[in-house]
Amino acid sequence: MSDKIMEEDKALTAIPAYRPTGRFRKAGTLLVLRNSSSGLQVLMEKRSQTMRFLPGYLAFPGGTEDEQDRIIAEQYAIGSPSGYEGGRLWAITAVRETFEEIGLLTALSMQGSTGRIDSCPEQYASVEKNSSSLLEWLRFNEYQLNLTQLRCVGRWIGPHGQPAQFDTWFFAIHHQVDEESFSYNEEVAEVGWQTVEPLVKEIHHGLVKVVPPTRVMLENLSQFDTAESAMSQLTAHDPTLSMLDWLEDMK
């Protein structure tokens with residue numbers, strides 16, 4: 001393990017995130033999992049070099065809460081993610097951000113049904129051609145988000161060592177469509193399925209750049225052989241959560 005990672009681990013356990021001094025931003029991130037002949041895989045994006053924040057870093061799709069997420073939660077979503085029933089809104093944020101960033105729609109059901117949809121033409125929607133928001137898309141099509149397909153697998157506050165800006169909830173979904181083509185926006189340089197175990201080795205050797213929560217999540221994910229086992233057991237939380245007595249005040 002590299003010296004940099006060892007330093008990050010020390011910081012993660014020794015330095016709790018400070019009480020926020022400004023706006024405390026809620027965020028949702030999605031781990032899209034699938035089985036493959038080479039092992040468990042997760043969908044990752046490489047951030048564009050033009051981004052001011054973490055250019056060239058490998059990341060899970062995700063982002064911060066949007067006003068439309070609450071409308072979707074009230075009108076176009078059913079159920080709650082396992083692992084955290086109160087995570088409906090952040091789960092929707094994770095699904096919406098994945099749609100906007102890489103053109104992937106997941107966790108779909110037909111309106112009025114709890115059955116999952118594993119293949120439909122719109123699941124890999126072109127971000128460039130589809131100018132509508134996820135709310136507009138759901139409003140004009142006969143689909144809804146079935147949040148029971150997702151599982152909450154972690155919560156992270158940070159960045160560590162700085163005034164906390166983000167309260168990020170991580171969700172996982174077993175996506176059973178073997179699509180290889182994605183259409184992504186200007187924030188993303190590349191998108192692709194990554195086999196988890198060799199990816200973790202590359203990170204440890206300094207060949208791939210990721211932020212500490214992403215690395216820790218991938219390390220935990222590498223313990224599982226299948227998407228099914230990961231969906232039932234994966235968890236990786238910020239180790240300082242128990243130290244943050246102000247969290248309840250920020251809800």
Side-chain angles (χ1 to χ4, degrees), residues 1-18 25 27-34 36 38-49 51-64 83 90 94 97-98 101-102 150-162 164-173 187-227 229-231 233-244:
M1 186 177 292
S2 70
D3 291 341
K4 179 182 178 182
I5 290 177
M6 292 174 64
E7 291 175 3
E8 289 176 349
D9 284 342
K10 184 178 180 180
L12 282 175
T13 56
I15 306 175
Y18 298 115
R25 305 182 70 184
T29 295
L30 188 61
L31 281 69
V32 184
L33 308 178
R34 76 172 186 181
S36 77
S38 60
L40 176 61
Q41 293 187 326
V42 61
L43 195 59
M44 304 290 295
E45 59 182 44
K46 185 176 182 180
R47 293 174 59 82
S48 172
Q49 291 290 349
M51 296 292 290
R52 293 179 61 186
F53 182 62
L54 303 175
Y57 273 63
L58 210 61
F60 307 118
T64 55
W90 326 130
E97 285 285 336
T98 301
E101 291 179 355
I102 64 176
L150 289 86
R151 180 171 181 269
C152 182
V153 295
R155 182 188 190 185
W156 291 78
I157 306 293
H160 278 253
Q162 301 178 35
Q165 298 295 319
F166 299 98
D167 179 2
T168 304
W169 293 87
F170 287 72
F171 300 89
I173 188 167
E187 298 178 6
V188 181
E190 300 175 18
V191 178
W193 295 99
Q194 298 278 346
T195 304
V196 177
E197 191 171 354
L199 175 59
V200 169
K201 292 180 180 178
E202 290 182 0
I203 293 171
H204 284 184
H205 285 94
L207 302 176
V208 177
K209 295 187 295 184
V210 296
V211 295
T214 301
R215 173 179 59 80
V216 175
M217 189 65 69
L218 288 167
E219 288 172 346
N220 280 267
L221 190 58
S222 69
Q223 301 173 23
F224 302 98
D225 296 325
T226 66
S229 59
M231 284 297 298
Q233 301 177 61
L234 174 65
T235 182
H237 291 283
D238 184 335
T240 70
L241 289 179
S242 61
M243 306 178 198
L244 307 182

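As the structure is a computational prediction, the values presented were derived from the model and not from experiment.
- Under the side chain to side chain donor-acceptor pair (under 3.5 Å) criterion, Thr240 pairs with Asp238, sequence neighbours left out.
- Atom CD in Glu45 sits 10.5 Å away from atom CZ in Phe60 (nearest 0.5 Å).
- Between Val208 and the options Val200, Ile203, Thr214, a side-chain contact (heavy atoms from CB on, under 4.5 Å) holds for only Ile203.
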Arg155 vs Phe170, side-chain contact (heavy atoms from CB on, under 4.5 Å): CA-CA, chis, key distance, verdict: CA-CA 6 Å; Arg155 182 188 190 185; Phe170 287 72; over 6 Å; no

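- A salt bridge links Arg215 with Asp9: the distance from a Lys NZ or Arg NE/NH1/NH2 to an Asp or Glu carboxylate oxygen falls below 4.0 Å.
- With a 4.5 Å cut-off on side-chain heavy atoms, Met217 and Leu31 count as touching.
- In this view, Pro239 and Leu12, Thr13, Trp156 satisfy the side-chain contact (heavy atoms from CB on, under 4.5 Å) rule, not counting sequence neighbours.
- Evaluation of the side-chain contact (heavy atoms from CB on, under 4.5 Å) rule for Gln223 yields Asn220 as partners, not counting sequence neighbours.
- Looking at Glu8 and His160, their side chains never bring a donor and an acceptor atom within 3.5 Å of each other.
- Using a 4.5 Å heavy-atom cutoff, the side chains of Glu190 and Met44 are not in contact.
- Taking CH2 of Trp169 as the start and SG of Cys152 as the end, the distance is 5.5 Å to the nearest 0.5 Å.
- The shortest distance between side-chain heavy atoms of Leu244 and Ile157 falls below 4.5 Å.
- The closest side-chain heavy-atom distance from Val42 to Arg34 is not below 4.5 Å.
- Between Val153 and Leu234, the shortest heavy-atom contact is CG1-O, 3.5 Å.
- With sequence neighbours left out, the side-chain contact (heavy atoms from CB on, under 4.5 Å) criterion links Glu7 to no other residue.
- Interatomic distance, CG of Leu58 versus CG of Leu199, reported as 6.0 Å (0.5 Å rounding).
- In this structure, Phe224 and Ser229 approach most closely via the heavy-atom pair CB-OG, 3.6 Å.
- In summary, the side chains of Ser38 and Thr195 do present a donor paired with an acceptor at a separation below 3.5 Å, with no hydrogens or angles considered.
- Remark: Leu150 CG to Leu30 CG distance equals 6.0 Å, nearest 0.5 Å.
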Go through it in stages, so that I can follow the logic: the residues are Val196 and Gln41, the test is side-chain contact (heavy atoms from CB on, under 4.5 Å), and I'd like the CA-CA distance, side-chain angles, deciding distance and then a yes or no. CA-CA 6 Å; Val196 177; Gln41 293 187 326; 5.7 Å; no

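- Remark: the backbone N or O of Ala94 is paired with a side-chain donor or acceptor of Thr98 at under 3.5 angstrom.
- The side-chain contact (heavy atoms from CB on, under 4.5 Å) search around Thr64 returns Arg25, Ala27, Phe166, not counting sequence neighbours.
- Separation of atoms CE (Met231) and CZ (Phe171) is listed at 11.0 Å; rounding is to 0.5 Å.
- One finds the CZ atom of Arg151 at 13.5 Å from the CD1 atom of Ile173 (value rounded to the nearest 0.5 Å).
- Looking at heavy atoms from C-beta onward, Leu33 lies in side-chain contact with Leu221 at the 4.5 angstrom threshold.
- Here Glu197 pairs with nothing under the salt bridge (Lys or Arg N to Asp or Glu O under 4.0 Å) rule; sequence neighbours left out.
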